[in-house]
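To start, the structure itself, in structure tokens.
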Number of protein chains: 2
Amino acid sequence: MNDSAVGTSSKEASKQALPRLADVAAHAGVSSKTVSRVVNNEANVRPQVRAQVLRSVAALGYRPNAAARALVTQRTHQIGLVATASSLYGPTAGLFSLEQAAWKAGYGLTLTTVREASEAQLEEAIHYLMVRGVEGVIVSGVAGILHLETSALAEMPLVSTSPITTESVKHVLVDSDQVAGTRAAVRHLYDSGHRRIAHLAGPLSWDSAARRRDGWLLELEDLGLHPGPLLVGDWSPKSGYEAALTLDPTTATAIVVANDHMAMGAIRAFTEQGLHIPDDMSVAGFDDVPEAAYQMVPLTTVRQNFSSVAERSVRELIHLIEGRAAEKTSIHLPTELIVRASTAPCLGNPR
Amino acid sequence: MNDSAVGTSSKEASKQALPRLADVAAHAGVSSKTVSRVVNNEANVRPQVRAQVLRSVAALGYRPNAAARALVTQRTHQIGLVATASSLYGPTAGLFSLEQAAWKAGYGLTLTTVREASEAQLEEAIHYLMVRGVEGVIVSGVAGILHLETSALAEMPLVSTSPITTESVKHVLVDSDQVAGTRAAVRHLYDSGHRRIAHLAGPLSWDSAARRRDGWLLELEDLGLHPGPLLVGDWSPKSGYEAALTLDPTTATAIVVANDHMAMGAIRAFTEQGLHIPDDMSVAGFDDVPEAAYQMVPLTTVRQNFSSVAERSVRELIHLIEGRAAEKTSIHLPTELIVRASTAPCLGNPR
DNA sequence: TCGCTTACTGACAGCGCTGTCAACCACGTG
DNA sequence: CACGTGGTTGACAGCGCTGTCAGTAAGCGA
């Protein structure tokens with residue numbers, strides 16, 4: 001076996017010049033097509049030939065060229081992710097699960113971000129990914145109800161967390177069941193005797209914020225209760241703190257907060273005002289961030305299973321990419337109420 | 001202007017068949033090379049020809065094929081990111097800044113994760129990215145001191161947060177100055193009268209955990225103090241809680257914790273044991289997560305500027321990709337001590 | 001007027017790979 | 001012994017784009 005064999009046939013010396021299929025073929029004494037067969041694990045190659053090719057591949061350190069392969073097969077095995085550029089826990093938590101799920105399915109993940117969730121930015125992001133050759137797109141943690149109608153997008157498989165209106169049939173929504181989540185929180189507070197239940201919502205331009213508020217509203221209605229005060233924050237602990245400061249404590253005995261970080265800010269604000277949590281005010285969060293259980297007052301919250309959402313998103317997207325029609329266009333995964341110490345039975349008399 | 005013009009010259013009907021350069025060329029009545037010039041914004045094209053081509057590009061909705069372009073230019077303008085698959089705040093926080101910085105520089109970001117930070121997994125991840133055609137790799141939030149010696153990797157530009165030993169000169173380390181961070185926290189406690197200062201470290205297989213511990217040790221040494229107890233957690237609030245439970249409160253009046261989430265768990269544990277924060281025990285964290293300021297006891301902490309680290313990482317990587325030699329092989333960005341309410345002057349008599 | 005420079009344009013090859021198809025070989029089988 | 005038959009292999013074209021280089025037209029000074 002010759003020892004210096006990498007590179008193009010004739011001349012070539014210093015440049016690294018990655019080995020190509022032809023180099024492996026020459027080294028193994030077969031045609032490049034046969035090497036291609038081995039590399040792609042196709043049938044109908046004699047075992048000993050396959051072994052020899054494999055040896056040459058290892059000897060030369062051959063790695064297939066993705067661009068060349070993509071060019072001829074018209075497949076890139078890349079999926080694109082559009083995320084909002086924020087380090088909010090929610091959008092972030094599913095990210096690595098997304099990558100792992102894609103990886104298991106043989107797809108790579110190209111990431112891009114939008115600063116705000118406008119139609120224009122989203123379309124730009126998707127175009128950016130299309131130029132990059134992705135075969136499908138996941139839109140995660142983007143705010144509102146977006147309408148996309150560029151015809152080029154209509155053929156692009158799309159899975160999103162927010163309802164996006166498209167002309168495409170290749171579009172599925174996968175998310176936690178936000179409505180059921182806040183409904184469960186409200187019901188829990190009701191069962192503990194609370195009758196005046198406030199809500200601290202996320203920015204209502206976000207669909208998930210609006211849906212959590214809807215759950216609060218719907219459950220109150222079913223229970224025959226008038227809604228308590230509605231406050232609005234921006235998901236940040238700071239906004240939770242500031243919003244809670246504006247709440248008149250006589251108007252509510254409990255509050256359902258749209259995420260854990262705002263709930264932490266709110267608890268801080270209530271405490272500063274001399275309210276005791278949970279005796280004077282019950283507080284429920286949403287997300288179950290890792291530190292929720294280890295707060296000074298461990299937080300009652302609605303746990304989202306971000307990795308399930310991520311895995312399901314990838315699964316549905318790959319179905320779309322492979323041409324299988326979606327069974328449902330909208331999938332809501334269950335949430336779980338985790339009762340800890342920030343909620344307690346209502347001490348006052350239920351009105 | 002004709003209205004139905006997309007597709008290959010002769011036959012073709014139903015299939016979408018994205019327009020190619022040649023289609024645009026035919027539509028505009030020029031050669032495909034001229035279209036290429038316009039699309040790539042090269043000089044020496046008559047303004048009116050350029051305008052006509054641009055009109056045809058828009059009319060057909062042409063988008064260049066990245067694979068074909070990459071094949072001929074040998075450039076993919078993709079960079080790869082290797083991250084550990086955890087939703088730790090630190091590794092996650094810089095992610096979007098990384099993407100934005102790459103985007104501004106004209107590069108795409110391909111993400112991959114490793115479950116644990118072994119040499120084998122890292123090499124596999126980098127190979128995965130190489131097959132995907134990335135021109136450089138950023139390794140973020142990966143634990144220990146890794147040694148890579150595969151010759152193929154030696155040519156791959158690499159920026160990492162942890163010290164990775166390679167034979168490559170194309171390798172730069174960019175990170176927050178961890179040592180200075182904990183030194184500042186220790187110094188702050190010393191200045192408040194504390195003389196017995198404990199440390200709750202992250203998993204010491206992580207280089208950043210080890211360096212934070214070193215900062216604690218070094219500053220104590222400079223101050224002529226004996227180190228207080230050393231506890232070890234795994235970055236999670238839970239581990240902080242459990243570790244703090246094992247601390248004998250008579251052996252320390254203050255503790256420097258290696259991240260905010262463990263600090264939260266520790267505060268919870270101290271409180272359960274009847275210790276008052278900060279009067280009975282001062283606690284300092286690390287990271288400045290958004291909710292740190294809004295805890296029941298707002299957390300004194302060391303703020304890392306994750307977006308600076310991310311931007312600098314991308315900048316250095318692109319320098320390496322473009323062949324400029326690195327000026328420094330190791331860059332430490334400053335941290336900032338944020339004093340809040342979880343640390344206070346020592347009440348007991350300084351030994 | 002010629003020669004020379006400059007601005008612009010297009011023909012053509014080929015990046016590294018895979019799909020198609022024909023060729024080949026070793027087996028039975030009629 | 002001629003003839004399939006199925007397993008195995010390689011020649012060749014071409015995916016969509018860009019680099020090279022030659023060619024054409026226009027401008028300009030002598």
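Quick caveat, the model's predicted, so the values are computed rather than measured. Proteins get letters first, then strands, A, B, ... in listed order; numbering begins at 1 in each.
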| request: Dump the intermediate steps for side chain to side chain contact (heavy atoms under 4.5 Å, CB included) on B:Asn41 and B:Arg50, then the final yes or no. | output: CA-CA 9 Å; B:Asn41 208 26; B:Arg50 183 179 297 272; 3.5 Å; yes
In whole angstroms, the gap separating C1' of C:dC8 from CG of B:Asn41 amounts to 16 Å
**Request:** Test for a donor-acceptor pair under 3.5 Å between the base of D:dG10 and the side chain of A:Arg37, counting only N and O atoms.
**Result:** yes
B:Ser32 backbone acceptor or donor facing B:Ser36 side chain under 3.5 Å
no
Please tell me if B:Arg46 has a side-chain N or O lying less than 4.0 Å from either OP1 or OP2 of C:dT9.
yes
Between B:Glu42 and B:Ala68, whichever has its closest DNA chain D nucleotide further toward 5' is B:Ala68
Next on the checklist: I'd like to know if the side chain of A:Gln100 and the backbone of B:Thr113 have a donor-acceptor N/O pair within less than 3.5 Å.
Outcome noted: no
Consider only side-chain N and O atoms of A:Gln52 and A:Ser56, and report whether a donor and an acceptor are under 3.5 Å apart. yes
message: D:dG16, OP1 or OP2 - any side-chain N/O from A:Gln74 closer than 4.0 Å?
response: yes
When rounded to whole Å, the CG to C1' distance for the pair A:Leu18 and C:dG16 reads 11 Å
At under 4.0 Å, does any side-chain N or O of B:Thr73 touch on OP1 or OP2 of D:dT18?
no
Looking only at side-chain N and O atoms, does A:Asn44 come under 4.0 Å of OP1 or OP2 in D:dT9?
-> no
Original post:
Just checking B:Asn65: base, sugar-phosphate only, or nothing, at a heavy-atom cut-off of under 4.0 Å?
Top reply: sugar-phosphate
Expected list for residues 28-35 of chain A near DNA chain D, using heavy atoms below 4.0 Å, is A:Val30, A:Ser31, A:Lys33, A:Thr34
Please confirm whether the shortest side-chain N or O distance from B:Arg20 to OP1 or OP2 of D:dG16 is below 4.0 Å. yes
Handout entry: Check: B:His77 main-chain N/O paired with B:Glu135 side-chain donor or acceptor under 3.5 Å
Key = yes
Rounded to whole Å, the CG-C1' distance (A:Leu60 to C:dG16) equals 15 Å
Between CZ of B:Arg75 and P of D:dC17 the distance, given in whole Å, is 19 Å
So does B:Ala310 get a backbone contact from the side chain of B:Ser97, meaning a donor-acceptor N/O pair under 3.5 Å?
no
Here the distance between atom P of C:dA11 and atom CG of B:Leu21, to the nearest Å, is 13 Å
In short, A:Val309 meets A:Val174 closest at the heavy-atom pair O-CG1, 3.8 Å
On DNA chain C, more 5' by nearest nucleotide between B:Pro47 and B:Leu71 is B:Pro47
Atom NE2 of A:His77 and atom P of C:dC17 are separated, to the nearest Å, by 16 Å
Closest to the side chain of B:Tyr62, out of D:dC17, D:dT18, C:dG16, is D:dC17
